[in-house]
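What follows is one structure encoded as structure tokens, with my remarks underneath.
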Protein chains: 2
Amino acid sequence: MPKLVDADARRRAVAEAVFRVVRAQGLEQASLRNVAEAADLAIGSVRHYFTNHDELLTFALDELIARVERRLMARVNQVYAATAAADRRAAVEDLLGELLPLDPDRHDEAVVWLEFTNAARTRPALAPAARRLHEGIRAIARRVLEGVGAAEVAVEAERLAALLDGLAVDAVLQPDLITPDVMRAVLGRHLDTLPRAVH
Amino acid sequence: MPKLVDADARRRAVAEAVFRVVRAQGLEQASLRNVAEAADLAIGSVRHYFTNHDELLTFALDELIARVERRLMARVNQVYAATAAADRRAAVEDLLGELLPLDPDRHDEAVVWLEFTNAARTRPALAPAARRLHEGIRAIARRVLEGVGAAEVAVEAERLAALLDGLAVDAVLQPDLITPDVMRAVLGRHLDTLPRAVH
DNA sequence: AGTTATTTGGCACAGTCATGCTACAAAGGG
DNA sequence: CCCTTTGTAGCATGACTGTGCCAAATAACT
């Protein structure tokens, strides 16, 4: 047999090529040909690791979600570890900030997320993963807002989640206006005005 | 000559066909052929009213924005007309609600908006119109928040605009979870917690 | 009635797309 | 050494795209 390649690593490398194409030219342009070129592979090679174009895209989306989840896990532990009020507030801010495109890497991630989650509206294959991410964000928002009254937690969680989604979308679409500084200021202000939940 | 058609009305009718296709199948599928079929015209006819595919899309986007602006104008006047505090609060809620997909028509509008504004990220022809809409929403947010301190108005306007964008996006992508009731509750809650600006 | 400008319809072309299929190179195990 | 498995590459096909170009049908105006 030839070089005996680590198939999983190859699939992840191709997924990264998908991200690059989507980032630069939109999901619409993430054809097998363009992705193969971005991955520096022949189109036939890419097809050896993915049976379908759909499977390529769903794998890439799953990979993106896994990456976000990995980052969030570490931050969640930080919140639980923080006992002092000031520490907890900072930990919460870091945790929620992980959902915002505050640095170039996460900006690219947010771009790809918006492209995929929007495409999921009309592409059934992508819908389950997009849904999982949507609900995951709500779960985090609810957990962070434990301190508010039970009657309000549902509305407040939705408000926080919508704010995070909106900031991410705005930063993706108008990056020169919605800078990391603006996002941090808005998130901080939002947490300041919450009853007595997070501080 | 033939039937002597009102060219402007025809262009608007074709734009509506664009909306229907984008709504049902995504902007990616808004090809000349699909749009022509949705408009019940021959492809050559559509091309008679639009020199370009790009011109067709930019016209449709401009048309969408004009429609939103028309709706907002009426609401803005209502805010100025309201003198009593309770009236003003209701007028503001109606005005901002105009930016949310609270009924089926506005839901379709929001779907098309998201498709276009996202596409504008990688399609230069659409960028100016998307930008205008983005800034228009900020202008409204700032005007509504006149009451808050000058130091905070920038951050608060961004927070309100991001919340509106986020609610719209979430309702477009997960319409069974983010219902009009949820959106109204979240917006109401947000206005309640603002300093003493709107009430 | 004839002319002319507008509208409509469609053909042809070059490009892109996903995918079924085949062919071949390479390296590990017998 | 051979053979079998794995990876790589590419050809062929049918479908779709925007656009240049052309031809016909239509109705208003002279």
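Quick caveat, the model's predicted, so the values are computed rather than measured.
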Inset, instruction - Can you run down the ring-ring contact (aromatic ring centres under 6.0 Å, His included) pairs that involve residues 52-103 of chain A, sequence neighbours left out, and say none if there aren't any? - result: A/F50-A/F59

Legend entry - Contact list for residues 11-21 of chain A, test side chain to side chain donor-acceptor pair (under 3.5 Å), sequence neighbours left out: A/R11-A/E55

Legend entry - Nucleic acid contacts - residues 18-35 of chain A versus DNA chain C, non-hydrogen atoms under 4.0 Å: A/S31, A/L32, A/R33, A/N34

Donor-acceptor pairs under 3.5 angstrom involving side-chain atoms of residues 21-29 of chain B: please list them, not counting sequence neighbours.
unit_1, atom_1, unit_2, atom_2, d
B/R23, NH1, B/D108, OD1, 3.1
B/E28, OE1, A/R123, NH2, 3.1
B/E28, OE2, A/R123, NH2, 3.2

Legend entry - Phosphate contact (D/dG7 OP1 or OP2) by A/S45 side-chain N/O below 4.0 Å: no

Inset, instruction - Tell me, please, which residues at least two apart from A/R121 pass side-chain hydrogen bond (donor to acceptor under 3.5 Å, both in side chains). - result: B/E115

Legend entry - Protein-nucleotide distance (B/R123, atom CZ; D/dT17, atom P), rounded to Å: 13 Å

Inset, instruction - List in chain and number order the residues that pass ring-ring contact (aromatic ring centres under 6.0 Å, His included) with B/F19, two or more places apart in sequence or in another chain; answer none if no residue qualifies. - result: none

Inset, instruction - Taking only heavy atoms on the protein side, list every residue of residues 48-55 of chain B lying under 4.0 Å from any atom of DNA chain C, sorted numerically. - result: B/H48, B/Y49

Legend entry - Nucleotide C/dC11, atom C1' - distance to CD1 of B/I43 in whole Å: 11 Å

Legend entry - Heavy-atom neighbours of A/R143 CZ exceed 12 at 6.0 Å: no

Inset, instruction - Return the value, rounded to whole Å, for the distance between atom CG of A/L56 and atom C1' of C/dC17. - result: 14 Å

Legend entry - Distance test, side-chain N/O of A/R47 to OP1/OP2 of C/dT22, below 4.0 Å: no

Inset, instruction - Could you list all the ring-ring contact (aromatic ring centres under 6.0 Å, His included) pairs where at least one residue sits in residues 104-125 of chain A, not counting sequence neighbours? - result: none

Inset, instruction - In whole angstrom, give the distance that lies between atom CZ of B/R10 and atom P of C/dT6. - result: 16 Å

Legend entry - Listed partners of A/D170 passing side-chain hydrogen bond (donor to acceptor under 3.5 Å, both in side chains), at least two apart: B/R138

